[in-house]
Amino acid sequence: MSRTTAIVLAAGKGTRMKSELPKVLHPCAGAPMLDHVVRAALEAGAEDAVVVVGHGREAVKAHLAARFGDRVRTAVQDEQRGTGHAVQCALPALRPEATTALLLYGDTPLVRAEDLARLLAVRETASVALLTCRVSDPRGYGRIIRDVSDRIVGIREQRDASEAERAIDEVNPGMYAVAVPFLRDALAALTPDNVQGELYLTDIVARAAQTEGVDREASSGGVADCAADANTLVGINDRAQLAAAEDALFHRIADERRRAGCTIRAGARIDVGVEVAPEAIIEHGVVLRGRTRVGPRARIDVGCVLDDVDVAADAYLQPYTVARDARIGARATTGPFAHLRPESQLDEDTKVGNFVEMKKTRLRRGAKASHLSYLGDGDVGEGANIGAGTIFCNYDGVQKHRTTIGSGAFIGSDSQLVAPVTVGAGAYVGTGTTVTKDVPADALAIGRAPQANKEGYARRLRGRMEAAKKAKP
Ligand code: UD1
Ligand code: CA
């Protein structure tokens with residue numbers, strides 16, 4: 001059994017991104033490009049990874065530590081002296097047990113674990129294995145050079161290639177699996193005798209080709225290759241290419257979910273890492289981000305944006321529900337146009353209607369707030385009803401306070417609950433009441449001014465106002 005460590009090159013500056021952010025940290029479908037590469041390598045069977053960092057190293061290091069912990073280490077390449085030099089910089093960070101190195105670039109977010117797994121499998125037959133692909137425009141790529149019997153004899157960089165070699169459309173995407181002893185020897189032998197004066201990693205391929213058949217296990221012998229879809233191997237250099245890669249990734253994620261039994265309309269954007277259960281329906285224009293999970297048969301209607309939201313089975317999020325860090329229970333309904341801010345929790349069978357904003361508030365089973373409310377820092381009991389226009393006045397300018405509403409309570413429309421305040425179970429709050437004192441269970445709180453009707457007053461008032469208007473010069 002060979003033990004594989006991935007070495008991911010990510011020291012380049014990424015000038016064409018025109019960004020303060022290091023290129024490999026630019027997000028693609030919800031995760032930095034680099035994460036997609038590292039994840040594919042680990043999924044393909046690498047036990048750990050060494051990422052070669054240079055430009056923006058502090059940010060890249062901090063991100064990797066937070067995301068992957070000690071499964072991913074970094075090695076520093078101070079000066080970019082070529083891809084071969086970059087891998088040399090990673091060697092001291094290899095664990096002694098590593099027998100195979102999987103060499104990748106950090107800017108190829110579409111690379112698939114299954115292709116890397118195939119690459120690792122063919123590596124068992126040779127000391128160097130590489131992925132190859134055919135492209136309609138091979139400019140910029142190293143060309144795969146084969147002999148008369150179709151064996152790979154080397155890779156020629158664009159700048160070093162002859163006219164005839166430049167016509168070759170089989171190219172090197174730059175992904176290799178290499179026996180570690182061979183890699184050590186081959187890297188030590190690299191020389192910068194090429195147009196760019198760099199140490200070319202690609203030169204290890206010619207070396208392996210020349211030593212075919214000699215003691216594969218130990219350090220030398222043979223080149224194996226496998227072809228892959230060029231679309232999955234592209235490197236990203238600018239934000240236009242990044243956008244195209246991201247679209248491709250969204251398509252891939254949606255198709256995976258569709259094959260697993262979800263209905264995903266075109267134009268929904270589901271980040272990598274989001275879970276969607278079978279029979280869920282995701283309408284067009286929906287954006288699902290972060291650690292969002294959507295349960296079976298839940299329906300997420302047009303234009304919803306969910307960030308780290310847990311949606312249980314059979315919930316129905318009507319159009320333009322915007323939620324972050326929230327939990328939505330089974331059969332709950334929201335929106336259209338509901339705003340669930342962090343730590344909102346809707347239990348089963350609850351309802352949050354249009355233009356309701358919630359924050360740090362729980363609606364217990366069957367509770368409803370159907371229209372136009374702000375519910376902040378609250379706890380609403382089972383089956384309670386919050387009338388239209390209710391406001392939990394949670395903030396006194398300095399501190400936040402809690403509003404607690406008992407089960408079965410009824411809060412009349414246009415009420416303000418000035419927190420901290422508690423309304424007991426089964427209590428009624430009359431429409432338009434400003435609640436400043438606790439309301440006992442089953443009591444009625446009513447704080448509105450008594451109504452007086454003045455007969456004919458409106459007619460007389462209108463007469464006076466119209467006369468005043470006429471008298472104006
Ligand atoms: C390289 C290959 C070429 C291949 C192409 C695919 C070599 C010599 N050539 O060319 O055959 O077709 O990739 O994209 O390997 N990097 C470092 N440190 C360095 C140099 C590069 O970390 O000193 C990183 C870069 O950040 C980048 C990657 O390695 O992510 C590729 O480097 P780049 O100089 O763009 O290689 P190419 O010239 O495109
Ligand atoms: Ca280069």
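Remember, it's 1-based here, ligands and their atoms both numbered in the order they're listed.
The distance criterion of under 3.5 Å between nitrogen or oxygen atoms is met by A11 with respect to ligand 1. Between I155 and ligand 1, not a single N/O pair is under 3.5 Å apart. Looking at E79 next to ligand 1, no N or O pair under 3.5 Å apart turns up. Inclusion of G140 in the set of residues having an N or O under 3.5 Å from an N or O of ligand 1 is not warranted. The distance criterion of under 3.5 Å between nitrogen or oxygen atoms is met by R81 with respect to ligand 1. For a threshold of 3.5 Å applied to N or O pairs, the pair formed by T83 and ligand 1 contains at least one separation below that value. In terms of polar-atom proximity, K23 is not counted as a contact of ligand 1, lacking any N or O under 3.5 Å from an N or O of the ligand.
Residue V171 places no heavy atom under 4.0 Å from ligand 1. Ligand 1 does not have G106 within reach: every non-hydrogen atom of the residue lies 4.0 Å or more from it. Within the 4.0 Å heavy-atom cutoff, P173 counts among the residues contacting ligand 1. A heavy-atom separation below 4.0 Å is not found between H85 and ligand 1. The shortest separation from a heavy atom of V52 to ligand 1 is not under 4.0 Å, leaving the residue out of contact.
Atoms of ligand 1 lying under 4.0 Å from any heavy atom of E157, numbered from 1 in the order shown and given with element: 2 (C), 3 (C), 7 (C), 8 (C), 9 (N), 10 (O), 11 (O). For ligand 1 and Y141, the ligand atoms under 4.0 Å from any heavy atom of the residue are 6 (C), 12 (O). Within ligand 1, counting atoms from 1 as listed, the ones closer than 4.0 Å to a heavy atom of Q80 are 18 (N), 19 (C), 23 (O). Residue G12 has at least one heavy-atom neighbour below 4.0 Å for each of these atoms of ligand 1: 22 (O), 26 (O). For ligand 1, the atoms closer than 4.0 angstrom to any heavy atom of G142 are 3 (C), 4 (C), 11 (O), 12 (O).
Of the options T100, T4, L130, a side chain to side chain contact (heavy atoms under 4.5 Å, CB included) to R123 is made by T100 and by none of the others. Just one residue in the list K400, R362, K359 forms a salt bridge (charged side-chain N to carboxylate O under 4.0 Å, His left out) with D377, and that residue is K359.
The main-chain N or O of N237 is found under 3.5 Å from a side-chain atom of Q241 such that the two form a donor-acceptor pair.
Between atom 14 (O) of ligand 1 and the options Y105, Y176, Y200, the minimum heavy-atom separation is to Y105. Comparing heavy-atom distances from atom 20 (C) of ligand 1 across P22, G82, A86 singles out G82 as nearest. Heavy-atom proximity to atom 18 (N) of ligand 1, evaluated over H55, R143, M33, Q77, is greatest for Q77.
Under the 4.0 Å criterion applied to side-chain N and carboxylate O atoms, D225 and R146 are assigned as salt-bridge partners. Using a 4.0 Å cut-off between charged nitrogen and carboxylate oxygen, D169 and R134 count as a salt-bridge pair.
A heavy-atom distance below 4.5 Å is found between the side chains of V76 and K61.
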- Task: Evaluate the criterion side chain to side chain contact (heavy atoms under 4.5 Å, CB included) for residue pair R258 and T263; output intermediate values, then yes/no.
- Result: CA-CA 6 Å; R258 288 171 179 134; T263 294; over 6 Å; no
